[in-house]
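Notes for the one structure printed next.
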Amino acid sequence: MAKNITPRATDYSKWYTDVVIQAKMADYSPVKGSMVIRPNGYAIWELIQKYLDLMFKDTGHVNAYFPLLIPESFMKKEAEHVEGFAPECAVVTHGGGQELEESLYIRPTSETIIWSMYKKWIMSYRDLPILINQWANVMRWEMRTRLFLRTSEFLWQEGHTAHATAEEAEEETLKMLNVYKTFAEEYLAIPVIAGRKSESEKFAGAVHTYSIEAMMQDKKALQAGTSHNLGQNFARAFDVQFQNKEGGRQYVYATSWGVSTRLIGALIMTHSDDNGLVLPPKLAQRPVVIVPIYRKDEEKTKVMAYADALYRELSEKHKVIFDDREQYKPGYKFAEWELQGIPLRIEIGPRDVENNKVVLVRRDTMKKDFVDRQAIAAVVDETLPRMQVEMLERARAFQKANTHKVESFDALKDIISGDGGFVSAHWCGDAACETRVKEATKATIRNIPFDRDEEKGACVCCGKPSEGRVIFSKAY
RNA sequence: CGGGGUGUGGCGCAGCCUGGUUAGCGCACCUGCCUUGGGAGCAGGGGGUCGGAGGUUCAAAUCCUCUCACCCCGACCA
C-alpha cells in the first residue's frame, strides 16, 4: 500500500529505516554514524523533553549544563568506568593548531566532570541532596549504528544526584526509574518491565542498575531507560566527602539516570505499521489534519469555507494542519499524513458539506467514521485520549502474548531461536548461567522484574535453586 | 575488526562482461492543460561526464592498478 516502505513482514529492519527516512524524522549526515534529526523527529524529542522535564521538576530536580569536554585524567579516575567507556570515546588532541597538553574526551556520559564539580560544591550535609539534571548531547564511538537506536552522537538527559545516605540514593534511583516507567506508559504508550539489571549488564561504575525494558514489534527487547545507584564509587574516585551532623566525614552517595533519543526509535517500533509512523496523540505536535476535497470551483468554494470554519473551531484547542495545497490530490495527502503518523485525519468533501458531516479517520486503526459537523469538536476531544489509552493496551496485549514462562533450557532456546519474545524463567543468579544462555541463544537477561512473583524454582540453566523469574530476550 | 555489497542528475537504478557517435530509464522538480472521495493523465522542460587518482588505448562509465566512502550481516552498546 505505502510506496517506498518495505513491509514489516519482509524485512523488519529495513521497514524501520524506511519509516524514519520517509517520514522525514531523520537523515544520514556526512559523518558516519551520526544523523540529522529533522523537524518531524525533533518535534517528538521536544515533546519528550517537555513532559519529562515537568516530571523531573515535580520530583524536585533542577537543570544545569556541564561542558562537552572532559580532561582525560578525569575519565581514568573510576576504574570500572574507564574500562567501560574509554574504548568508545572520541578524543580531542589538538586545539588552536597545537597539540594539547592533556587530551580532552568528548563526554560519553558526564559522571566524571560532574563529580569533579560536586567536590567543590559539597562540604556539609546541609549541601545535600543535590538533584541536578542536564539535557545534552553525548558521543560514543559505536561500531554499528542505527537511526535513533544507536548513533555516535545522541541527545539525552542525564540526572546526577548526590545524597548523604545509601538509603536516600537507593530511593532516588528507584523513584526516577518509576518516573521513566510512568512516562513510557502514559505518554509514549509503551508498556515496560521495570527491574534490576544483572551484574554483567549493569552500568560501568554502578552498584546497581535498574532499567525499563520494552518489547518491539519484532519481539526483541529495547532498553528504554536506566537508573543507576552509583554508591560511593564516584565520590571515592573524586574524593567528594561531606561533614555529617555528628562532625564526621564521609563519602557522598550518588545516582545517575538517563533516557535518550532512542525513545523515538522505541516509539516507532512499538506502534508504527506498514503505512508509516503511528504516533500516540500526546507525542504528536500536530494531532489533527484536515484534508479538503473538491472538483469544480463552486464545490471548492463551499468545501473550503466549511473546512476553514472547522479549522478555526478545532484550532482553539488543538494544533491542526489544514492541508489546502492545490498541487496534490486527496489520495496523495492521505498517504503523506499517514506516513507522518498524524493521529486524526478529517476529510471534507462536497458530500459532507451537503450532509453536514465530516469523515474522521484514526491513524492507529485506520477506521473511518462519519461524524456530525456539530459533534466533531467533542468527538476529537474524546477520541485523542482514547487512542492514547488503546495504543498502550494494544502494545501491552502484544507484550503479554509474547512473553512465555518456561521451565527448561531447551524450551528457552526454542522460543528465542524460534518465534522470539520475552522468556520468563528461573535463574540462580550465577553469571556463568547467564553467559551460557547468551552463547547458546544470543539472548540476555533484560532485567529482574520488580513485580515478579515470589516463587521458588530451579535455574533453567543449571537447576540450582532460584528465588524467582527473570526476563531473557534478544535485545537491540 | 570478520563476512557480504554498492558507488552513474536530488533519490532509485540500467549500461560495464563483448571499450566506439549527443550516457539512458523511473521517481522527484519546473511550465501548461486537465484532474481532485486512496499516492492521476498528457505535453513540454531543466539538471549528470559516470566516487577519486593513475594507467592501457586512436578511443574508457566500460579494461587494469591503487585509493576513498557508504550500506547490510556479525562481535560491543542508551
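These numbers come from the heavy atoms of this one structure, side chains and all, not from hydrogens, waters or symmetry mates. Owing to the predicted nature of the structure, the values given are computational and were not obtained by experimental measurement.
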With a non-hydrogen cut-off below 4.0 angstrom, is [X] in contact with a base, only sugar-phosphate, or nothing?
X        : answer
A:Val138 : nothing
A:Gln223 : sugar-phosphate
A:Gly258 : nothing
A:Ser13  : sugar-phosphate
A:Leu222 : nothing
A:Arg325 : nothing

Given the [atom1] atoms of [N] and [M], what is the spacing between them in whole Å?
N     : M     : atom1 : value
B:G10 : B:U65 : C1'   : 33 Å
B:C17 : B:U62 : P     : 9 Å
B:G45 : B:G26 : P     : 14 Å
B:A69 : B:G52 : C1'   : 10 Å
B:A78 : B:G38 : C1'   : 39 Å
B:C71 : B:C64 : P     : 27 Å
B:C11 : B:U49 : P     : 13 Å
B:G46 : B:C25 : P     : 13 Å

Next item on the list: Give a yes/no answer on whether the side chain of A:Thr151 brings an N or O atom under 4.0 Å of OP1 or OP2 in B:C77.
Entry: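 No, no such contact exists.
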Note to self: If the cut-off is 4.0 Å, is A:Lys438 near the phosphate of B:C76, judged by side-chain N/O to OP1 or OP2?
What the structure shows: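 A:Lys438 to B:C76 OP1/OP2: side-chain N or O found under 4.0 Å.
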If [N] has a Watson-Crick or G-U wobble mate with both distances under 3.5 Å, name it; if not, just say none.
N     : result
B:G2  : B:C73
B:G48 : none
B:U31 : B:A43

Notebook entry, point to check: Just wondering, do A:Ile342 and A:Leu279 contact through their side chains at under 4.5 Å, heavy atoms?
Noted result: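 They are not in side-chain contact.
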Check: Given side chains that start at C-beta, do those of A:Val359 and A:Asp352 come closer than 4.5 Å, heavy atoms only?
Finding: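 Side-chain contact under 4.5 Å: yes.
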Next item on the list: May I ask you to verify whether the side chain of A:Glu338 and the base of B:G38 hold a donor-acceptor pair under 3.5 Å?
Entry: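 Answer yes: a donor N or O sits under 3.5 Å from an acceptor.
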Next item on the list: Confirm from the modelled atom types if A:Arg150 and B:C77 form a donor-acceptor pair under 3.5 Å, side chain to base only.
Entry: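 By the distance-only test, yes, there is a pair.
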For [X] and [N], what is the distance between atoms [atom1] and [atom2] respectively, to the nearest whole Å?
X        : N     : atom1 : atom2 : result
A:Glu299 : B:G37 : CD    : P     : 11 Å
A:Tyr332 : B:C29 : OH    : P     : 6 Å
A:Ile21  : B:G12 : CD1   : P     : 10 Å
A:Arg262 : B:C77 : CZ    : C1'   : 7 Å
A:Leu267 : B:A78 : CG    : C1'   : 16 Å
A:Leu147 : B:A78 : CG    : P     : 19 Å
A:His228 : B:C77 : NE2   : C1'   : 12 Å
A:Tyr28  : B:U6  : OH    : P     : 18 Å

Note to self: Can you confirm whether the side chains of A:Ser200 and A:Glu434 place a donor and an acceptor under 3.5 Å from each other?
What the structure shows: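 Yes, a side-chain donor-acceptor pair sits under 3.5 Å.
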Note to self: Side chains of A:Gln134 and A:Asn63 only: does a donor on one sit below 3.5 Å from an acceptor on the other?
What the structure shows: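 Checked: A:Gln134/A:Asn63 side chains show no N/O donor-acceptor pair below 3.5 Å.
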Note to self: Under the side-chain hydrogen bond (donor to acceptor under 3.5 Å, both in side chains) test against A:Asn133, which residue among A:Gln157, A:His160, A:His61 passes?
What the structure shows: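 Output: one option passes, namely A:Gln157.
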N/O to N/O distances under 3.5 Å, protein versus nucleotides 34-36 of chain B:
residue, atom, partner, partner atom, Å
B:U36, OP1, A:Arg295, NE, 3.0
B:U36, O2', A:Tyr294, O, 3.0
B:U36, N1, A:Tyr294, O, 3.4

Item checked: First encountered from the 5' end of RNA chain B, between A:Thr17 and A:Val359 ->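 This one resolves to A:Val359.
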Checklist line | Most 5' of A:Arg146 and A:Ala335 on RNA chain B, judged by nearest nucleotide | finding: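 The residue whose closest nucleotide sits nearer the 5' end is A:Ala335.
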Note to self: Closest approach to the side chain of A:Glu347, judged atom by atom: which nucleotide of B:A75, B:C77, B:G38 is it?
What the structure shows: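 Side chain of A:Glu347 sits closest to B:G38.
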Next item on the list: Answer yes or no: is there a donor N or O on one side and an acceptor on the other, between the side chain of A:Arg363 and the main chain of A:Leu277, under 3.5 Å?
Entry: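 Such a contact is found between A:Arg363 side chain and A:Leu277 backbone.
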Margin query: Can you tell me if A:Phe334 is stacked onto the base of B:G39, using a 5.5 Å centroid cut-off and an angle below 30°?
Written below: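 The base of B:G39 is not stacked with A:Phe334 (the test needs centres under 5.5 Å and planes under 30°).
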Hey, are [X] and [Y] close enough for a salt bridge, meaning a charged N less than 4.0 Å from a carboxylate O?
X        : Y        : answer
A:Asp273 : A:Arg8   : no
A:Arg394 : A:Asp364 : yes
A:Lys197 : A:Glu213 : yes

Notebook entry, point to check: So does A:Glu46 have more than 12 non-hydrogen atoms from other groups sitting under 6.0 Å from CD?
Noted result: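 Yes.
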